[in-house]
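The structure appears right after this line, and notes come after that.
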Amino acid sequence: MCVFPLLLSGILGSPSSRQQLEEYLRKVLIQNTKDGSFSMHHTTEIINAVRFLCLFVEHHSVIFNILWEMVASSDTSLKINAAALLRALVPYTDVKIASTHILPALVTLGSDQNLKVKYASIDAFGAVAQHFKNDMVVDKIRIQMDAFLEDGSHEASVSVIRALAVAVPHSTDRLREYLLTKIFKMTCITPVGNDIERRRERANVLCEALRALDATDLPAMGIRDLLLPSIQNLLKDLDALDPAHKEALEIISRERSGGTLESISKVMGAHLGIASSVSSFFGENSLLTKKEGGEEHDPAGPTAPEQNLQAQPESTRFGRIMRSGFGDILRGQSKGQ
């Protein structure tokens with residue numbers, strides 16, 4: 001862990017040893033992986049050492065030449081290791097290298113017939129989305145993610161949402177809108193089968209992604225048409241929801257829809273087909289706006305929901321960010337209240 005990075009960059013990385021560096025690196029990454037003598041037991045240490053070597057631009061050509069050999073290999077282990085290496089190298093490259101080396105290699109891996117190889121590339125695509133906001137790069141990521149989702153498998157869907165959710169705080173508005181649209185479409189489909197573990201994994205990943213998106217500045221149309229309906233769809237399957245996620249989603253729904261029962265019911269009615277009478281039940285001249293004796297409230301005075309809304313502190317982006325990652329705190333607060 002300590003010696004190997006120094007060997008590659010400090011000794012073999014010297015100008016007089018470039019050829020030795022390439023030969024040794026090829027031996028470690030390709031030959032030893034095939035015979036299982038070293039790499040299979042020290043994959044993490046090797047990836048960290050190559051990542052350190054990538055700090056020096058003069059070694060990029062050597063590294064990516066060997067990586068392409070791994071990607072083009074027929075050995076499954078080499079391809080999976082190549083995906084892990086590409087993911088680790090993303091933060092140490094620029095948009096030019098990402099476009100000319102990393103993305104083409106990942107697209108090749110993502111098109112592989114072996115599902116393990118294909119799914120191994122998804123996290124690497126997420127790393128690219130996290131570090132680059134170039135429109136061309138984002139478009140390529142969206143195309144590839146569509147290809148993964150078209151498989152329709154549980155593993156692919158969960159991996160794609162998880163990978164993009166990690167990139168949300170640093171990604172572009174276009175990619176956030178893309179993720180929100182995919183989440184909405186996924187929540188509109190009722191999970192098939194009685195596998196509760198899969199349902200819970202799917203629900204947890206979708207909830208984490210929605211909470212991450214809620215911590216960003218979303219457009220009003222995206223909130224109304226995608227975020228709130230997705231939350232309501234997830235709240236239908238309470239058996240699959242973690243209590244902390246359920247509480248967080250209810251808070252997001254309440255705050256993003258204005259904090260009143262009337263506005264929430266309108267959102268639900270518009271997207272879930274609930275009759276308009278539900279909204280009128282909570283609205284003006286409704287049962288809840290009349291006193292028990294049949295006498296109506298004074299029109300000049302604020303209704304009870306409005307008073308509650310005025311009393312609530314204004315929701316801030318910081319509050320949404322805090323809420324997006326602290327389910328335990330939320331759970332503790334609810335118990336205290």
Side-chain angles (χ1 to χ4, degrees), residues 60 64 67-73 76 78-189 202 205-206 208-210 212-213 216 218-219 221-222 225-227 229-230:
H60 283 184
F64 287 107
L67 272 170
W68 268 110
E69 290 183 35
M70 297 172 69
V71 169
S73 170
T76 300
L78 281 178
K79 294 180 179 180
I80 293 174
N81 285 352
L85 271 168
L86 288 165
R87 179 177 181 273
L89 299 183
V90 168
Y92 304 96
T93 59
D94 56 26
V95 68
K96 182 179 179 181
I97 292 177
S99 301
T100 57
H101 293 290
I102 293 180
L103 277 175
L106 289 177
V107 169
T108 302
L109 294 173
S111 305
D112 198 89
Q113 296 300 314
N114 188 296
L115 291 180
K116 290 183 178 179
V117 175
K118 179 181 292 189
Y119 297 158
S121 69
I122 295 178
D123 282 344
F125 276 108
V128 175
Q130 184 177 357
H131 287 89
F132 299 105
K133 298 183 178 182
N134 180 278
D135 287 342
M136 182 185 68
V137 171
V138 171
D139 286 341
K140 286 184 178 180
I141 292 172
R142 291 168 57 184
I143 291 171
Q144 190 60 46
M145 291 304 184
D146 279 337
F148 290 134
L149 292 175
E150 284 175 4
D151 287 350
S153 71
H154 170 81
E155 290 77 9
S157 300
V158 167
S159 297
V160 166
I161 299 301
R162 183 182 287 122
L164 293 181
V166 172
V168 160
H170 313 283
S171 62
T172 64
D173 292 339
R174 292 174 63 196
L175 197 62
R176 290 171 189 159
E177 181 183 359
Y178 171 83
L179 175 59
L180 196 52
T181 302
K182 294 302 178 184
I183 291 174
F184 172 64
K185 290 180 179 178
M186 289 175 65
T187 59
C188 288
I189 302 173
R202 176 180 178 273
V205 169
L206 292 172
E208 288 166 4
L210 286 174
L213 286 163
T216 64
L218 296 173
M221 187 177 295
D225 296 340
L226 299 173
L227 179 70
S230 297

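The chain is numbered in sequence order, starting from 1.
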What distance separates [X] [atom1] from [Y] [atom2], expressed to the nearest 0.5 Å?
| X | Y | atom1 | atom2 | result |
| --- | --- | --- | --- | --- |
| Tyr178 | Leu164 | OH | CG | 7.0 Å |
| Asn81 | Thr76 | CG | OG1 | 11.0 Å |
| Lys185 | Leu226 | NZ | CG | 9.5 Å |
| Thr93 | His60 | OG1 | NE2 | 7.0 Å |
| Leu227 | Ile183 | CG | CD1 | 8.5 Å |
| Leu206 | Ser230 | CG | OG | 8.5 Å |

Please find the pair of heavy atoms, one from [X] and one from [Y], that lie closest to each other, and give the distance.
| X | Y | value |
| --- | --- | --- |
| Gly126 | Ala167 | O-CB, 3.8 Å |
| Ser121 | Gly110 | OG-CA, 3.5 Å |
| Met145 | Ile122 | CE-O, 4.0 Å |
| Ser73 | Leu78 | OG-CD1, 3.3 Å |

As a test of understanding, state which of Leu210, Thr216, Asp225 forms a side chain to side chain contact (heavy atoms under 4.5 Å, CB included) with Leu180.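 With Leu180 as partner, side chain to side chain contact (heavy atoms under 4.5 Å, CB included) holds for just one option, Leu210.
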Sequence neighbours left out, what passes side chain to side chain contact (heavy atoms under 4.5 Å, CB included) with [X]? Give chain and number order.
| X | value |
| --- | --- |
| Gln144 | Val107, Phe125, Ala147, Phe148 |
| Ala165 | Ala209 |
| Glu69 | Arg26, Ile30 |

Run the numbers on Val90 and Gln130 for side-chain contact (heavy atoms from CB on, under 4.5 Å), then give the verdict. CA-CA 9 Å; Val90 168; Gln130 184 177 357; over 6 Å; no
If you look only at pairs with a residue in [range], which of them pass as a salt bridge (Lys or Arg N to Asp or Glu O under 4.0 Å), with sequence neighbours excluded?
| range | answer |
| --- | --- |
| residues 119-130 | none |
| residues 140-153 | Lys118-Asp151, Asp139-Arg142, Asp146-Lys182 |
| residues 83-94 | none |

With sequence neighbours excluded, tell me which residues meet side chain to side chain donor-acceptor pair (under 3.5 Å) with Thr187.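 By the side chain to side chain donor-acceptor pair (under 3.5 Å) rule, Thr187 matches Asn233.
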Hey, are the side chains of Asp173 and Glu177 touching, using non-hydrogen atoms and a 4.5 Å cut-off?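 Contact flag for Asp173/Glu177 side chains = no.
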Would you mind writing out the side-chain donor-acceptor pairs for residues 97-106 within the sub-3.5 Å range, not counting sequence neighbours?
{"residue": "Ser99", "atom": "OG", "partner": "Val95", "partner atom": "O", "Å": "2.9"}
{"residue": "Thr100", "atom": "OG1", "partner": "Lys96", "partner atom": "O", "Å": "2.8"}

Give every residue pair that meets the side chain to side chain donor-acceptor pair (under 3.5 Å) criterion with at least one member in residues 108-117, sequence neighbours excluded.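 Side chain to side chain donor-acceptor pair (under 3.5 Å) check on residues 108-117 returns Lys79-Asp112.
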Suppose the criterion is side chain to side chain donor-acceptor pair (under 3.5 Å): which pairs have a residue in residues 154-165, not counting sequence neighbours?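 Non-adjacent pairs meeting side chain to side chain donor-acceptor pair (under 3.5 Å): His154-Glu201, Glu155-Arg198.
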